**Student:** 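Following this message is one structure expressed as structure tokens.
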Amino acid sequence: MIDPIRRKLSQTIDRALEHKQNATRQNLITGRLSKKQLLPLVIDNEPRVFYKNDLESHEFDAVFTLLIDCSASMFNKMDETKKAAILFHEVLKELKIKHNVIGFWEDGFDAKDDEQPNYFHRVITYDESLQAHAGAEILQLEPEEDNRDGYTIRVATEELLARQEKDRFLLVFSDGEPSAFNYSENGIIDTHEAVLEARKQAVDVVGIFLGEGEVKEHEAMLMRNIYGREHMLIPDLEELPDSFSYILKRLLLTTI
């Protein structure tokens, strides 16, 4: 199921790259003279009749982080979520774009007023993401306990800002409201503020809501309140790989 989607997405990106390279290497003011364009050379004051044939391979100057909510409520959604994460990893690896995949949760049993243990399962790291053997670790992700989304987004943002790539993307898979110790009342506000802080520092943040057959109005409003326009609602988990493929394509094309 994943491989056909991966191939289709990679082909789409390759075609877009080829089109841009051709467009930027033809109809130039200087370079090699195109025999097909001799008439404009005669009649135009500043003809664009030249081309260059030294096409360079394009490398994306981008980096991605995928955060996956590993709270207990993800129990029925984790299998499809892992499929989408594998798609994410395989496509970016093929395009030679560094990335990491992190499952996050908070230990609700040990949380208290002065300490809330938060965990990050880094199944794919930036340094390992392009290695041939990387990928199987994604299957290790499992539902755990609570989710403190604002804190997690801030940690991921700091790591992205330490990178040298020009374009930085942060994608967040979640199935609803942030829920953790003493977090229910201000969790939405805190997560929204974390998203705004990241965007002010040129990190593109996209929230992806994972439903169970339908998206209720309060769930749609929740995502709007946290992520603004940059979010996607996926009511049926079977649609997740295709929908995620669309998101990746849209984001990658903005970097070309």
Side-chain angles (χ1 to χ4, degrees), residues 1-2 4-6 8-9 64-91 99 101-106 108 120-121 123 138-153 156 169-180 183-196 198-199 204-252:
M1 178 180 178
I2 293 297
I5 299 174
R6 178 191 60 77
K8 182 178 179 182
L9 178 55
F64 281 76
T65 288
L66 174 61
L67 292 177
I68 297 177
D69 173 5
C70 286
S71 61
S73 59
M74 287 286 289
F75 178 78
N76 293 326
K77 304 168 185 176
M78 192 56 74
D79 287 345
E80 292 298 324
T81 300
K82 286 189 281 192
K83 290 180 183 178
I86 291 170
L87 170 67
F88 168 86
H89 165 66
E90 292 296 334
V91 169
H99 55 281
V101 179
I102 303 172
F104 67 94
W105 70 92
E106 178 172 299
F120 302 92
H121 191 172
V123 290
I138 292 172
L139 298 176
Q140 298 172 5
L141 293 174
E142 296 294 341
E144 303 288 347
E145 295 181 38
D146 295 337
N147 55 305
R148 191 176 295 268
D149 295 19
Y151 172 73
T152 302
I153 288 172
F169 299 98
L170 176 57
L171 310 180
V172 186
F173 276 8
S174 176
D175 69 337
E177 185 174 345
S179 176
Y183 203 57
S184 58
E185 293 186 1
N186 67 352
I188 297 174
I189 295 174
D190 181 60
T191 305
H192 173 67
E193 289 176 349
V195 170
L196 290 182
R199 289 173 177 165
D204 288 324
V205 185
V206 180
I208 303 165
F209 175 81
L210 309 176
E212 288 186 285
E214 65 174 327
V215 178
K216 299 179 176 62
E217 178 57 33
H218 76 273
E219 294 170 331
M221 184 175 296
L222 169 71
M223 294 299 289
R224 287 196 299 270
N225 288 340
I226 293 177
Y227 294 100
R229 296 178 59 185
E230 288 299 309
H231 72 272
M232 174 170 278
L233 306 172
I234 302 178
D236 190 337
L237 287 175
E238 292 184 358
E239 300 174 4
L240 179 53
D242 281 319
S243 298
F244 195 38
S245 173
Y246 167 79
I247 295 171
L248 272 181
K249 179 177 71 173
R250 180 171 63 82
L251 295 177
L252 286 169

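These figures come from a predicted structure and were not determined experimentally.
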**Student:** Would the distance check show the side chain of E144 and the main-chain N or O of C70 forming a donor-acceptor pair, the cut-off being under 3.5 Å?
**Tutor:**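 Answer holds: no.
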**Student:** Got a donor-acceptor contact below 3.5 angstrom from the S245 side chain to the P241 backbone?
**Tutor:**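 Not a single qualifying donor-acceptor pair exists.
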**Student:** List for me each residue that meets ring-ring contact (aromatic ring centres under 6.0 Å, His included) alongside H89, sequence neighbours excluded, and say none if there are none.
**Tutor:**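 With neighbours one apart ignored, the set is H99.
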**Student:** With sequence neighbours left out, what residues match N186 under side-chain contact (heavy atoms from CB on, under 4.5 Å)?
**Tutor:**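 Testing N186 for side-chain contact (heavy atoms from CB on, under 4.5 Å), a comparison that skips the adjacent residues, returns Y183.
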**Student:** For the backbone of L139 and the side chain of K82, can you confirm whether one donor and one acceptor N or O come within less than 3.5 Å of each other?
**Tutor:** yes
**Student:** Minimum heavy-atom separation for A198 and V205, please, with both atom names.
**Tutor:**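 Heavy-atom minimum between the residues: CB-CG2, 3.6 Å.
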**Student:** For F104, give me all partners under ring-ring contact (aromatic ring centres under 6.0 Å, His included), at least two apart in sequence or on another chain.
**Tutor:**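 ring-ring contact (aromatic ring centres under 6.0 Å, His included) check on F104 returns nothing, list empty.
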**Student:** Which residue pairs pass the side-chain hydrogen bond (donor to acceptor under 3.5 Å, both in side chains) test when at least one of the two sits in residues 212-221, sequence neighbours left out?
**Tutor:** E217-R224
**Student:** Are F244 and L171 packed together at the side-chain level, in the sense that at least one heavy-atom pair is separated by less than 4.5 angstrom?
**Tutor:** yes
**Student:** Under 4.0 Å between a Lys/Arg side-chain N and an Asp/Glu carboxylate O for K83 and E238?
**Tutor:**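 Not counted as a salt bridge, because no side-chain N and carboxylate O are separated by less than 4.0 Å.
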**Student:** Mind checking what makes side-chain contact (heavy atoms from CB on, under 4.5 Å) contact with L196, not counting sequence neighbours?
**Tutor:** H192
**Student:** Less than 4.5 Å apart, any side-chain heavy atom of V172 and any of Y227?
**Tutor:**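 With C-beta onward as the side chain, the pair touches.
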**Student:** Could you tell me if the side chain of F173 sits less than 4.5 Å from the side chain of D69, heavy atoms only?
**Tutor:** no
**Student:** Under the side-chain contact (heavy atoms from CB on, under 4.5 Å) test, which residues partner S179, sequence neighbours left out?
**Tutor:**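 In terms of side-chain contact (heavy atoms from CB on, under 4.5 Å), with neighbours along the sequence ignored, S179 is linked to N147.
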**Student:** Kindly indicate whether the side chain of R199, heavy atoms from C-beta on, has any atom under 4.5 Å from the side chain of E230.
**Tutor:**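 R199 vs E230: side chains touch.
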**Student:** Taking the side chain as every heavy atom from C-beta outward, state whether I226 and P178 have any pair of such atoms under 4.5 Å apart.
**Tutor:** yes
